[in-house]
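Following: one structure in C-alpha cells, then a few remarks.
We're numbering straight along the sequence, starting at 1. Just so you know, these numbers use all the heavy atoms, side chains as well, and skip hydrogens, waters and symmetry mates.
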Amino acid sequence: MSEEKLYVVEDDNRLHLVFNDAGKPMWFQTGGNFTATDSVASMWSLKHGGHVVTFIQEPKKVVLSEKQAEIVEDAHNAKRPASYIILKSNDEELLMNAYVNGFTVAKEKKYNVKVPHTKEAWYYKSLGAGLLANSPEDKKLRGTFTESEIEHYGLQDCEKEEVTDDAD
C-alpha cells in the first residue's frame, strides 16, 4: 500500500512555518506551508529552525458487500481474525484491508421484475405467500429485488427495471 505523505516545519510551541507573498517566513498556530518532499521540509527546518512533521494521508475505506462486511465484523470478535477471514472467504486480501483500514457497505442495486408473458404485470414479495404479481397501477405493492433475490426466486430470465428511487 503506498502512503502519500506531506511535510511541514513545526517549532517547539507547535507553531507552523508559513511563507508570506514576499517569501518571508512566519510562524502560525494553524496552517503552514506543506510540501510533498521531505528534503524541502528539511531544508526549511535547517534554515528557519523547528523540526519536520510528517502527515500521512488516511487510507481509503474499502467498499464491501453486506456479506463481506459481516465477515469483517465477525473477524473483530474472533481469536485469530486473519484465520477467520481466510476460513470464511476467498477475498482475504480485500477483507484484511477492510479489517485494518475500515470499510463501507455498498448499496445493492434493486430492480422491479416483470412477470413473463404478460403485458403489464410486475412481481412483488408477499409475506408467507412468496411471489405475487400485480399491475402497474399498484406501484405501491410492486416489490424491489436485489440480484441475489432475483436468483433466489429464479427470475433471472425476466425483464427487470432498475429502481433509481433511494427512498428505501
Side-chain angles (χ1 to χ4, degrees), residues 1-12 14 16-17 29-45 50-116 122-133 140-168:
M1 175 188 349
S2 68
E3 295 175 337
E4 294 183 30
K5 298 179 182 180
L6 290 175
Y7 305 92
V8 69
V9 176
E10 183 178 89
D11 71 3
D12 292 335
R14 300 194 68 172
H16 299 111
L17 182 64
Q29 188 172 8
T30 57
N33 280 91
F34 290 91
T35 177
T37 311
D38 61 342
S39 60
V40 170
S42 294
M43 181 190 65
W44 290 346
S45 170
H51 54 275
V52 176
V53 177
T54 306
F55 292 90
I56 300 173
Q57 187 176 36
E58 186 176 321
K60 292 183 181 174
K61 292 185 176 184
V62 178
V63 179
L64 300 178
S65 69
E66 288 182 23
K67 184 177 180 181
Q68 290 170 325
E70 188 177 319
I71 293 170
V72 173
E73 288 170 357
D74 291 345
H76 280 283
N77 299 321
K79 190 172 187 174
R80 295 190 173 121
S83 297
Y84 182 85
I85 287 172
I86 290 168
L87 181 68
K88 296 289 182 176
S89 174
N90 292 329
D91 299 320
E92 53 269 354
E93 185 175 345
L94 174 74
L95 298 187
M96 285 305 298
N97 188 355
Y99 181 88
V100 172
N101 297 321
F103 63 90
T104 58
V105 179
K107 190 171 182 178
E108 279 192 85
K109 289 183 180 180
K110 295 197 175 192
Y111 302 90
N112 287 322
V113 181
K114 196 166 193 282
V115 177
W122 297 85
Y123 280 121
Y124 70 97
K125 295 172 275 193
S126 174
L127 295 174
L131 290 175
L132 299 173
K140 289 180 184 174
L141 294 177
R142 192 182 295 177
T144 57
F145 297 84
T146 63
E147 288 286 353
S148 58
E149 289 173 325
I150 288 171
E151 192 173 315
H152 172 76
Y153 289 115
L155 304 174
Q156 301 92 318
D157 295 333
C158 297
E159 179 185 335
K160 62 184 181 181
E161 175 183 276
E162 187 175 342
V163 177
T164 55
D165 183 14
D166 291 331
D168 53 0

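- If you take OG1 on T35 and OH on Y7, they are separated by 9.0 Å, rounding to the nearest 0.5 Å.
- Scanning both residues, N101 and K61, for their nearest heavy atoms gives O-CG, 3.9 Å.
- Residue A78 comes nearest to P81 through the heavy atom pair O-CD, 3.8 Å, listed as atom of the first residue, atom of the second, then distance.
- Closest heavy-atom contact between W44 and N33: CZ3-O, 3.2 Å.
- Rounding to the nearest 0.5 angstrom, the gap separating the CD1 atom in I85 from the CG atom in N97 is 10.5 Å.
- Enclosure of atom CD in E162 by more than 12 non-hydrogen atoms of other residues, nucleotides or ligands within 6.0 angstrom is indicated.
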**Message:** Please evaluate residues D38 and T54 with respect to the criterion side chain to side chain contact (heavy atoms under 4.5 Å, CB included), reporting the C-alpha separation (whole Å), side-chain torsions for both, the decisive distance (0.1 Å), and the verdict.
**Reply:** CA-CA 8 Å; D38 61 342; T54 306; over 6 Å; no
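- Note that the CG atom of L87 and the CZ atom of R80 stand 12.5 Å from one another [nearest 0.5 Å].
- Put simply, the side chain of L95 reaches to within 4.5 Å of the side chain of L64, judged on heavy atoms.
- Every residue two or more places apart in sequence or in another chain that forms a ring pair (Phe, Tyr, Trp, His ring centres under 6.0 Å) with Y99 is listed here: H76.
- To the nearest 0.5 angstrom, E10 atom CD is 10.5 Å from Q29 atom CD.
- Atom CD of Q156 has more than 12 heavy atoms from other residues, nucleotides or ligands within 6.0 Å.
- Remark: side-chain polar atoms of H51 are not paired, donor with acceptor, to backbone N or O of S45 under 3.5 angstrom.
- Heavy atoms only, all atoms of each residue included: V8 and H16 are closest at CG1-CD2, 4.0 Å.
- In plain terms, the two heavy atoms of E66 and V105 that are nearest each other are CG-CG1, 3.6 Å.
- Taking every heavy atom of both residues into account, S89 and I71 meet most closely at CB-CD1, 4.0 Å.
- Between K160 and E147 there is a salt bridge, since at least one side-chain N of the basic residue sits less than 4.0 Å from a carboxylate O of the acidic one.
- No donor-acceptor distance shorter than 3.5 angstrom exists from the side chain of T37 to the backbone of S39, with no hydrogens or angles considered.
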